[in-house]
Amino acid sequence: MKQIYYTFRSLSQNKAATTIKVLSLTLGLGMSIILFAGIAYTLSYNKCLRDYDSIYQLMMQFETAGNKSDITRQCYGKLAGSLYEELPDMIESAVAMRDLGYCFDMSDGRNLPYFTTAADSLFFETMGINVISGNPRMDLQQNDVIYVSTRMVDEVFHGENPVGTQLIRGNDKATIKGVFEALPANCDITCDIVLSLPSLLNRGIGYFGWDGGSGWTEFVRLKDKDIDPERLHALINQVTERHAPPADDNSCETFAISIRDSILKNSDLRRQLMILGALALALFLITALNYALMSISTLSKRAKAIGVHKCCGADSNKIFGMFVLETVTITLIALLLMGIMWWLFNDTISELTGNPLTEMLNADRAWVIVAVALMMVAVGAVIPGRLFARVPVSQVFRRFSERNNGWKRVLLFIELVGVSFVFAWLCATSLQYRHLRTADKGYDSDLLVQVENMTMDISPEAAYNFIRSHQAV
């Protein structure tokens with residue numbers, strides 16, 4: 001109790017220094033925690049899916065006249081189903097799907113801002129998505145059947161049972177037959193509405209075959225997640241070659257990529273994560289070392305008080321513990337202010353990071369906050385705490401003087417390097433952004449608008465004629 005009393009008394013006596021330390025930790029640790037949490041959030045992609053280690057995405061690479069295309073996620077329509085039928089000892093289930101965009105309206109004409117995916121009857125089983133109500137294995141084999149997420153149920157139907165409600169897609173109607181658990185944003189599956197695949201195929205929308213045509217996004221769930229990747233690759237390509245044999249001038253190769261690793265297959269994303277990690281680490285070191293140097297700068301003023309504590313019976317361990325407790329207290333106050341700051345600027349931070357702040361800092365990633373706070377205490381308390389604990393009792397009677405300043409210069413050098421790195425990175429980013437905005441593109445982009453038709457109910461010619469007839473075009 002005495003240590004707690006002396007800690008709060010010391011903080012209250014040095015109000016200016018305490019305020020600066022708290023504000024410094026609030027801003028520095030707040031930004032570094034957001035960056036570290038953003039990295040952890042990205043690396044947790046698809047982990048919300050049940051037994052995600054067993055789910056593999058199918059991809060294809062095409063070769064024409066000796067020229068290989070990039071590996072694409074667009075596959076032959078019947079690829080996943082054929083693997084499921086011909087490799088029963090290996091494949092537990094498979095699914096083919098296609099994104100349709102925002103294509104459904106309520107019966108009263110209100111547009112629904114919920115993304116739609118068309119998928120076959122094994123969609124939920126393959127992707128490991130929990131079904132709240134309904135029998136998707138049977139329902140999704142029928143025409144004009146849809147399943148909706150719990151998020152849509154809460155926001156559109158206010159928690160009431162939506163089963164039996166009809167939604168409008170162009171000139172067609174679809175009936176809600178079931179509800180599935182909504183998925184978070186850090187997942188490759190982003191839909192809130194799932195439309196039965198026969199709803200498209202029976203209307204001739206999309207080609208579903210082995211000889212080219214429309215591309216489909218496809219996944220398989222393996223029975224054994226520890227299967228040898230080379231054996232898996234060989235078997236799925238044997239199936240592919242049976243149905244799409246190579247010709248003289250063209251061929252294709254199929255790949256199965258675990259969704260656990262798919263996020264790291266993107267070289268641009270890996271580079272982005274490395275940059276963000278370096279920036280977060282630099283911000284943390286700047287904050288922690290700045291705190292340590294600010295604490296050390298008060299050594300000459302606090303030496304006599306430390307000597308008095310030792311005269312009263314406090315040993316070096318108690319002095320060290322007192323400064324650790326002081327750092328813990330300041331860090332906790334800073335965390336409280338961080339929470340207020342995050343709450344006030346939630347929308348801005350979410351927009352800048354591209355990820356919902358509430359999901360980046362949810363209970364699954366609370367360990368990021370704890371880890372950064374513990375590292376802050378370790379760096380910010382251990383260095384000055386050990387130094388303060390070495391102050392002799394004789395300092396009560398004379399002025400303290402620390403002659404060995406070499407290690408202080410090392411800390412200051414590391415801090416300056418971190419500041420220089422962050423400043424250079426911000427300058428480079430600003431210059432790149434300015435270049436992208438002002439560079440000569442060869443055309444005037446101020447009045448250029450991109451239009452995308454995701455419904456597939458309107459032909460390209462009809463869409464072009466409709467847009468061309470508008471006065472503003």
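Between the side chains of Glu155 and Tyr114, a donor-acceptor pair is found at a separation under 3.5 Å. Checked by atom type, the side-chain pair Tyr52/Ser258 shows no donor-acceptor distance below 3.5 Å. Between the side chains of Thr116 and Arg169, no donor N or O sits under 3.5 Å from an acceptor N or O.
Looking only at side-chain heavy atoms (C-beta outward), Leu79 and Leu83 come within less than 4.5 Å of each other. Side-chain contact check for Glu326 versus Lys21: some heavy-atom pair is nearer than 4.5 Å. Looking at heavy atoms from C-beta onward, Cys252 lies in side-chain contact with Thr240 at the 4.5 angstrom threshold. Looking at heavy atoms from C-beta onward, Phe115 lies out of side-chain contact with Ile193 at the 4.5 angstrom threshold. Residues Leu273 and Thr42 have side chains in contact (heavy-atom distance under 4.5 Å, counting atoms from C-beta outward). Under the 4.5 Å side-chain criterion, counting only non-hydrogen atoms from C-beta, Arg110 is not in contact with Asp105.
A donor-acceptor contact shorter than 3.5 Å links the side chain of Trp216 to the backbone of Tyr207. Not one N or O on the side chain of Thr117 forms a donor-acceptor pair closer than 3.5 Å with the backbone of Arg98. Judged by distance alone, the side chain of Asn290 and the main-chain N or O of Ile286 form no donor-acceptor pair under 3.5 Å. Distance alone, capped at 3.5 Å, places no donor-acceptor pair between the Asn130 side chain and the Glu181 backbone. The main-chain N or O of Ala80 is found under 3.5 Å from a side-chain atom of Glu218 such that the two form a donor-acceptor pair. Here the side chain of Thr150 pairs a donor or acceptor atom with the backbone of Ala182 at under 3.5 angstrom. Between the Ser24 side chain and the Ile20 main chain, no donor and acceptor come within less than 3.5 Å of each other. Using modelled atom types, no side-chain atom of Arg221 and backbone atom of Glu92 make a donor-acceptor pair closer than 3.5 Å. In terms of modelled atom types and a separation under 3.5 Å, the side chain of Thr126 and the main chain of Phe123 share no donor-acceptor contact.
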Without placing hydrogens or testing angles, list every side-chain donor-acceptor pair under 3.5 Å for residues 371-380, not counting sequence neighbours.
none

Throw together a table of side-chain donor-acceptor distances under 3.5 angstrom for residues 25-32, partners on residues two or more places apart or in other chains.
residue	atom	partner	partner atom	Å
Thr26	OG1	Val22	O	2.7
Ser32	OG	Gly28	O	3.2
Ser32	OG	Leu29	O	3.0

Donor-acceptor list for residues 56-63 side chains, cut-off 3.5 Å, not counting sequence neighbours:
residue	atom	partner	partner atom	Å
Gln57	OE1	Arg73	NH1	3.3
Gln61	NE2	Ser69	O	2.9

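Taking both residues in full, the closest heavy atoms of Phe219 and Met97 are given as CD1-CE, 3.7 Å, listed atom of the first, atom of the second, then distance. Heavy atoms only, all atoms of each residue included: Met360 and Ala37 are closest at O-CB, 3.7 Å. Shown here for Asp120 and Ala94, the closest heavy-atom pair between the two residues is OD1-O, 4.0 Å. Here the closest heavy-atom approach between residue Pro184 and residue Cys187 is recorded as O-CB, 3.7 Å. Minimum interatomic distance between Ser149 and Val179 (heavy atoms only, all atoms of both residues): C-CG1, 4.2 Å. Across every non-hydrogen atom of Asn111 and Pro113, the tightest pair is O-CD, 3.5 Å.
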Just do the ring-ring contact (aromatic ring centres under 6.0 Å, His included) check on Phe124 and Phe180 with the steps written out, would you?
CA-CA 8 Å; Phe124 296 106; Phe180 64 92; 5.2 Å; yes
Does Trp342 form a side-chain contact (heavy atoms from CB on, under 4.5 Å) with Ile34? I'd like the steps, not just the answer.
CA-CA 9 Å; Trp342 291 334; Ile34 288 175; 3.3 Å; yes
So Leu35 and Phe284, side-chain contact (heavy atoms from CB on, under 4.5 Å) or not? Walk me through it.
CA-CA 10 Å; Leu35 292 175; Phe284 170 78; over 6 Å; no
I'd like to know whether Leu222 forms a side-chain contact (heavy atoms from CB on, under 4.5 Å) with Ile91, so could you lay out the CA-CA distance, the side-chain angles of the two residues, the decisive distance to 0.1 Å, and finally the verdict.
CA-CA 5 Å; Leu222 302 183; Ile91 306 296; 3.5 Å; yes
Determine, stepwise, if the pair Met338 / Ile33 fulfils side-chain contact (heavy atoms from CB on, under 4.5 Å).
CA-CA 10 Å; Met338 282 180 221; Ile33 286 174; 3.9 Å; yes
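For Asp192, the salt bridge (charged side-chain N to carboxylate O under 4.0 Å, His left out) criterion is met by Arg151, not counting sequence neighbours. For Glu253, there are no salt bridge (charged side-chain N to carboxylate O under 4.0 Å, His left out) partners, not counting sequence neighbours. Listed by chain and residue number, Leu23 satisfy the side chain to side chain contact (heavy atoms under 4.5 Å, CB included) test with Thr19 (two or more places apart in sequence, or in another chain).
The line from CG of Leu49 to CD1 of Ile55 is 5.0 Å long, rounded to the nearest 0.5 Å. Between the CG atom of Asn362 and the OH atom of Tyr41 there is a distance of 8.5 Å, given to the nearest 0.5 Å. Summarising the geometry, atom OG1 belonging to Thr331 is positioned 12.5 Å from atom CG belonging to Leu336; distances are rounded to the nearest 0.5 Å. In this structure, NZ in Lys47 is found 10.5 Å from CG in Asp364, a value given to the nearest 0.5 Å. Rounded to the nearest 0.5 Å, atoms OG (Ser54) and NZ (Lys223) are 12.0 Å apart. Atom-to-atom distance recorded for Met341:CE and Leu335:CG is 10.5 Å, nearest 0.5 angstrom.
Counting non-hydrogen atoms of other residues, nucleotides and ligands closer than 6.0 Å to CG of Asp70 gives a total of 12 or fewer. Within a 6.0 Å sphere centred on NZ of Lys68, heavy atoms belonging to other residues, nucleotides or ligands number 12 at most.
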